[in-house]
Amino acid sequence: MRLVVFIILTLPFFSVQAGLEELKQSISIFHEARDNFEYVTDQDNEVRIYTDIESGFSGDCEDFAYSLAMKIGGTVWFTFNEKKQAHAVVLSESGFVFDNEKEWPMRHDVYPNKLLFKLRFSHFDTVLLDGELIKSQS
């Protein structure tokens, strides 16, 4: 009986520990991606998704967000940044916002910009995965 009570009482601790390890890993991936990312203005309303963000990759905020989301999970959201420009960020399943314009992820409840709607591939004319076409409006 004591063993059952001990297990029941310690399960939340292990869940929190696992969640912290996952967040720590996501933050590490985020920093590596930021270090390897070169911002390039979007020209043709396309999204480029990179499976390799451990080395140099380039694009705009949507490209960064979709590429990061493939590595850490979560959804890509449309928002406006502090300069009132259209912007894309990742909202992780743990409730943290990963924004390539910020040095660190932030909890959603303290993130300064309102997340307006989830971005979907239908919002873009062309979607490329590592340079290969996976969807086109034309």
Side-chain angles (χ1 to χ4, degrees):
M1 180 66 169
R2 285 184 176 178
L3 180 60
V4 172
V5 170
F6 175 77
I7 291 171
I8 290 171
L9 291 175
T10 58
L11 277 177
F13 172 76
F14 289 111
S15 295
V16 168
Q17 285 296 101
L20 288 175
E21 281 305 311
E22 185 177 314
L23 178 59
K24 192 171 152 182
Q25 179 72 15
S26 295
I27 291 170
S28 176
I29 293 168
F30 169 69
H31 282 280
E32 185 172 31
R34 281 188 77 237
D35 289 346
N36 295 322
F37 182 68
E38 178 186 352
Y39 182 85
V40 177
T41 304
D42 191 9
Q43 299 296 320
D44 299 317
N45 194 35
E46 86 284 352
V47 64
R48 294 178 182 274
I49 304 168
Y50 296 88
T51 56
D52 177 14
I53 59 176
E54 291 81 25
S55 58
F57 70 110
S58 63
D60 62 1
C61 57
E62 295 96 10
D63 304 330
F64 180 89
Y66 274 109
S67 299
L68 183 64
M70 281 195 59
K71 292 290 188 183
I72 68 169
T75 52
V76 177
W77 283 78
F78 177 86
T79 185
F80 288 100
N81 63 15
E82 283 81 6
K83 299 173 191 169
K84 306 297 182 214
Q85 298 166 326
H87 190 50
V89 298
V90 176
L91 177 62
S92 71
E93 293 172 7
S94 59
F96 280 79
V97 177
F98 291 78
D99 180 341
N100 70 298
E101 294 182 346
K102 307 281 186 214
E103 190 170 335
W104 291 93
M106 297 179 175
R107 284 191 344 257
H108 179 227
D109 62 336
V110 297
Y111 183 69
N113 308 323
K114 183 176 181 179
L115 302 185
L116 299 171
F117 58 85
K118 289 181 192 178
L119 280 175
R120 304 196 192 297
F121 290 153
S122 60
H123 294 117
F124 302 96
D125 294 336
T126 306
V127 179
L128 302 162
L129 179 63
D130 285 338
E132 291 192 31
L133 182 68
I134 61 172
K135 181 212 116 315
S136 178
Q137 299 287 353
S138 23

Parallel, tilted or perpendicular: which describes the rings of Phe117 and Phe78, with under 30° parallel and over 60° perpendicular? parallel

How are the rings of Phe57 and Phe37 set relative to one another: parallel (under 30°), tilted (30 to 60°) or perpendicular (over 60°)?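 Plane angle between 30° and 60°, so tilted.
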
Are Leu68 and Leu23 co-members of a hydrophobic cluster defined by side-chain heavy atoms under 4.5 Å apart?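 Yes, same cluster.
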
Check for me, please, whether Leu115 and Phe30 land in the same ILVMFWY cluster - side-chain distances under 4.5 Å, paths through other members count.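 Hydrophobic grouping puts Leu115 apart from Phe30.
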
From [X] atom [atom1] to [Y] atom [atom2], the distance as rounded to the nearest 0.5 Å:
X: Lys102; Y: Asn113; atom1: NZ; atom2: CG; answer: 5.5 Å
X: Asp125; Y: Lys135; atom1: CG; atom2: NZ; answer: 6.5 Å
X: His87; Y: Glu82; atom1: NE2; atom2: CD; answer: 8.0 Å
X: Ser67; Y: Ile29; atom1: OG; atom2: CD1; answer: 12.5 Å
X: Thr75; Y: Tyr66; atom1: OG1; atom2: OH; answer: 9.5 Å
X: Phe96; Y: Met106; atom1: CZ; atom2: CE; answer: 11.0 Å

List the steps and the verdict of side chain to side chain contact (heavy atoms under 4.5 Å, CB included) for Asp130 and Tyr50. CA-CA 5 Å; Asp130 285 338; Tyr50 296 88; 4.0 Å; yes

Is any side-chain heavy atom of Trp77 closer than 4.5 Å to one of Val97? no

Between Gln25 and Ile72, is there a side-chain heavy-atom distance shorter than 4.5 Å? no

Nearest atoms (heavy-atom pairs only) where [X] meets [Y]:
X: Gly74; Y: Ala69; answer: O-CB, 4.2 Å
X: Val90; Y: Ala65; answer: CG2-O, 3.1 Å
X: Cys61; Y: Ala86; answer: SG-O, 4.4 Å

Within 6.0 Å of CD in Glu38, more than 12 heavy atoms from elsewhere: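 Open.
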
Is atom CD of Gln85 surrounded by more than 12 heavy atoms (other residues, nucleotides or ligands) closer than 6.0 Å?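 Above 12, so yes.
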
Go through Trp104 and His31 one step at a time and tell me if the side chain to side chain contact (heavy atoms under 4.5 Å, CB included) criterion holds. CA-CA 8 Å; Trp104 291 93; His31 282 280; 3.3 Å; yes

Got a donor-acceptor contact below 3.5 angstrom from the [X] side chain to the [Y] backbone?
X: Asp44; Y: Glu46; result: no
X: Asn36; Y: Ile53; result: yes
X: Lys71; Y: Glu54; result: no
X: Ser28; Y: Lys24; result: no
X: Thr79; Y: Lys114; result: yes

Consider only side-chain N and O atoms of Tyr111 and Asp99, and report whether a donor and an acceptor are under 3.5 Å apart. yes

Within the 6.0 Å centroid threshold, strictly below: Phe64 and Tyr39: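 For Phe64 and Tyr39, the ring centres are not under 6.0 Å apart.
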
Please say which of Ile49, Val76, Asp42 ends up in a side-chain contact (heavy atoms from CB on, under 4.5 Å) with Glu62.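 Running side-chain contact (heavy atoms from CB on, under 4.5 Å) over Ile49, Val76, Asp42 with Glu62 returns exactly one hit, Asp42.
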
Please evaluate residues Val47 and Asp63 with respect to the criterion side chain to side chain contact (heavy atoms under 4.5 Å, CB included), reporting the C-alpha separation (whole Å), side-chain torsions for both, the decisive distance (0.1 Å), and the verdict. CA-CA 5 Å; Val47 64; Asp63 304 330; 3.6 Å; yes

